[in-house]
Amino acid sequence: MSQDRTSSSDTFTVTDNANGKSLDLPVLHGSVGPRVVDIRKFYGETGCFTYDPGFTSTGSCASKITFIDGDKGILLHRGYPIDQLAENCDFLEVAYLLLFGELPSRAEMDKFDHDITYHSMLNEQILRFYSGFRRDAHPMAVACGIVGALSAFYHDSLDFTDSFQRLVAETRLIAKMPTIIANAYKYSIGQPFNYPRNSLSYAANFLQMMFAVPCEPYEVNPVLARAMNRILILHADHEQNASTSTVRLAGSSGANPFACIAAGIASLWGPSHGGANEAVLNMLMQIGSKDRVGEFVKRAKDKEDPFRLMGFGHRVYKNYDPRAKIMQKTCHEVLDEMGRHDEPLLQIAVELERIALEDDYFVEKKLYPNVDFYSGIIFRAMGIPVSMFTALFALARTTGWVAQWMEMIADPDQKIGRPRQLYVGAPQRDYVPFDKR
Ligand code: SDX
């Protein structure tokens with residue numbers, strides 16, 4: 001990624017008023033998006049750190065995978081708009097695009113599909129890892145544990161410096177995540193694990209592993225398979241979000257890919273991030289009816305009240321999250337298919353969105369529904385328990401995490417991530433013995 005992206009005429013000049021010294025900082029130009037000030041030399045030249053907790057103004061890397069324009073509500077994967085990909089692609093076609101940069105030819109698609117399909121089984125020994133968990137363990141705890149444990153198992157694909165081993169690890173992670181996540185659900189309800197069926201698509205295979213039982217044949221509902229395929233695409237990657245940044249930071253130390261993805265799962269679990277889809281459902285059930293929506297919107301605006309509208313707001317989108325629009329459309333399709341178009345939670349969600357989008361507080365703070373606002377209603381209508389919602393997010397995002405990890409490993413500018421700090425603790429002082437305290 002070290003191709004020169006600076007134009008010598010374009011610089012930022014900063015002046016330290018404490019000593020009158022000025023510094024010209026080069027400006028980097030992406031293919032689209034804001035100009036980027038290169039501050040790599042800032043500390044060396046000025047003796048000062050920059051300060052940006054939460055990285056609201058800081059770019060951590062150069063990337064070609066995903067572009068977001070938060071003001072316009074635009075999301076591109078390798079330049080293709082998310083709505084076109086969600087409408088036209090199979091999930092593995094988008095996975096190929098994220099990993100390798102171009103839409104696959106028919107032959108490339110067939111080979112990738114074959115490779116993923118024929119790596120979707122888990123070694124029987126790994127199935128025994130599940131029995132160490134309580135039946136009521138949160139599926140994200142199980143996913144974190146099982147994926148991390150893969151590094152204790154697949155010793156032939158841990159060396160990130162070996163391109164073949166990287167490819168094997170990438171294939172195993174993407175191929176096995178549906179099996180790992182579906183097994184977590186089966187384990188929680190005491191039902192036997194299902195094996196993948198090679199004749200099914202990635203999304204359909206996941207649904208059959210979730211819901212099939214040995215006692216009778218299971219046919220995947222094509223409407224639900226199409227909805228799941230679209231949901232996986234919508235969750236596949238999203239630039240340098242918290243969990244992807246976690247994967248990159250873990251990978252920057254040379255940690256093996258399974259450990260890096262386990263770290264991403266852990267970060268995604270938080271209710272401010274991937275855990276929001278589970279929190280949205282719990283919030284809608286807490287609201288309970290349309291006529292209580294106003295009460296909760298009032299609470300969300302009250303600084304003294306920790307309550308927030310889950311599924312609303314976004315660090316980058318200050319417009320409608322384009323994924324939320326597609327999710328809302330998918331929600332109506334699934335509820336109609338399941339004969340639940342009068343689903344009370346959807347009515348509460350629609351009323352909540354209507355009130356919030358008309359309310360000055362949300363308009364001024366540019367808080368719109370995000371990807372998590374409708375997904376939970378769809379999952380619930382599919383018969384997926386609330387505790388599994390974030391695990392499904394992790395299933396889809398594994399492809400994005402792997403693509404970003406591969407890009408980071410190949411980036412010549414890459415070095416171990418090691419931020420500095422603003423130290424506000426005690427200056428140096430001497431030890432005081434007990435009898436003098
Ligand atoms: C995901 O980064 C990604 O790309 C993430 C993601 C991905 O695909 O990887 O898109 C997936 O994580 C989506 C976000 C899911 N989280 C939620 O739905 C949880 C609810 N949302 C908020 O917690 C919040 O909006 C965040 C965490 C998403 C964003 O937080 P920011 O960018 O740090 O913004 P902020 O918390 O500083 O909020 C700005 C203001 C604040 O008010 P002031 O202090 O300026 O007065 O808006 C308020 C906040 O109090 N605010 C909300 C709110 N979200 C922000 N007030 C009420 N309800 C909310 N949901």
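Just so it is clear, the values below take in all heavy atoms, side chains as well, and ignore hydrogens, waters and symmetry mates. When a ligand or atom number is given, it counts from 1 through the structure's own listing order.
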Ranked by distance from atom 4 (O) of ligand 1, the top protein heavy atom is H238 ND1, 2.6 Å

- May I ask you to check whether Y130 and F193 place their ring centres under 6.0 Å from each other? yes

- Query: In this structure, are over 12 heavy atoms from other groups packed under 6.0 Å from E102 atom CD?
  - Reply: no

Atom 51 (N) of ligand 1 sits nearest the protein heavy atom L367 CD1, 3.7 Å

Among R308, K301, H235, K366, the residue with a heavy atom nearest to atom 50 (O) of ligand 1 is R308

Polar contacts were defined as any N/O atom of the residue lying under 3.5 Å from an N/O atom of the ligand; does this apply to G311 and ligand 1?
yes

task: Indicate yes or no for a side-chain donor-acceptor contact from T171 to the backbone of L167 under 3.5 Å, with no hydrogens or angles considered.
output: yes

The closest protein heavy-atom partner of atom 2 (O) of ligand 1 is N241 CB, 3.3 Å

M310 heavy atoms within 4.0 Å reach ligand 1 at atoms 18 (O), 19 (C)

Determine whether any protein heavy atom is located less than 4.0 Å from atom 10 (O) of ligand 1. yes

**Request:** Examine D372 against ligand 1 and note whether any of their N/O atoms are separated by less than 3.5 Å.
**Result:** no

- Query: Quick one: does F307 get within less than 4.0 Å of ligand 1, heavy atoms only?
  - Reply: no

| Expected output: side-chain H273 to main-chain S243 donor-acceptor under 3.5 Å | yes

- Item | Test item: L76 and D69 side chains (from C-beta on) under 4.5 Å apart, heavy atoms | no

Check this for me: does any side-chain nitrogen of one of E333 and R230 sit under 4.0 Å from a carboxylate oxygen of the other? yes

The option among V316, L309, D321 carrying the non-hydrogen atom nearest to atom 59 (C) of ligand 1 is L309

A student checking ligand 1 against K303 at a 4.0 Å heavy-atom cut-off should list atoms 42 (O), 43 (P), 44 (O), 46 (O), 50 (O)

Near A276 (heavy-atom distance under 4.0 Å), the atoms of ligand 1 are 15 (C), 16 (N), 17 (C), 18 (O)

On a heavy-atom basis, the closest approach of L99 and V402 is CD2-CG1, 3.8 Å

Ranked by distance from atom 21 (N) of ligand 1, the top protein heavy atom is F312 O, 2.9 Å

Of all protein heavy atoms, the one nearest atom 57 (C) of ligand 1 is A300 O, 3.6 Å

Short version for R397: what comes under 4.0 Å of ligand 1, heavy atoms counted, is side chain

_Can you tell me if R323 contacts ligand 1 (heavy atom of the residue under 4.0 Å from the ligand)?_
yes

Do any nitrogen or oxygen atoms of K318 lie less than 3.5 angstrom from nitrogen or oxygen atoms of ligand 1?
no

| Can a protein heavy atom be found under 4.0 Å away from atom 39 (C) of ligand 1? | no

The closest protein heavy-atom partner of atom 28 (C) of ligand 1 is G313 O, 3.7 Å

shortest atom 48 (C) of ligand 1-to-protein heavy-atom contact is with Y361 OH, 3.6 Å

- Message: Ring-plane angle category for H138 and W269, please: parallel below 30°, perpendicular beyond 60°, tilted otherwise.
- Response: tilted

Next on the checklist: Taking the six-membered ring for Trp, are Y317 and H238 closer than 6.0 Å centroid to centroid?
Outcome noted: yes

> Taking atom CZ of R134 as the centre, does the number of heavy atoms from other residues, nucleotides or ligands within less than 6.0 Å exceed 12?
Replying inline: no

Counting only heavy atoms on the protein side, is anything nearer than 4.0 Å to atom 17 (C) of ligand 1? yes

Atom 45 (O) of ligand 1: closest protein heavy atom, distance to 0.1 Å, is K365 NZ, 3.6 Å

**Report entry** Sidechain-backbone polar pair: N88 side chain, A86 backbone, donor-acceptor under 3.5 Å
**Finding:** no

**Request:** Determine, for Y368 and K366, whether the Lys NZ or Arg CZ falls below 6.0 Å from the six-membered ring centre while staying within 45 degrees of the axis.
**Result:** no

Q. Under 4.5 Å between any side-chain heavy atoms of I126 and K176, yes or no?
A. no

* Asked: Does atom 30 (O) of ligand 1 have a protein heavy-atom neighbour under 4.0 Å away?
  -> no

Between the CG atom in D113 and the CZ atom in R106, the distance rounded to the nearest 0.5 Å is 8.0 Å

Near R315 (heavy-atom distance under 4.0 Å), the atoms of ligand 1 are 29 (C), 31 (P), 32 (O), 33 (O)

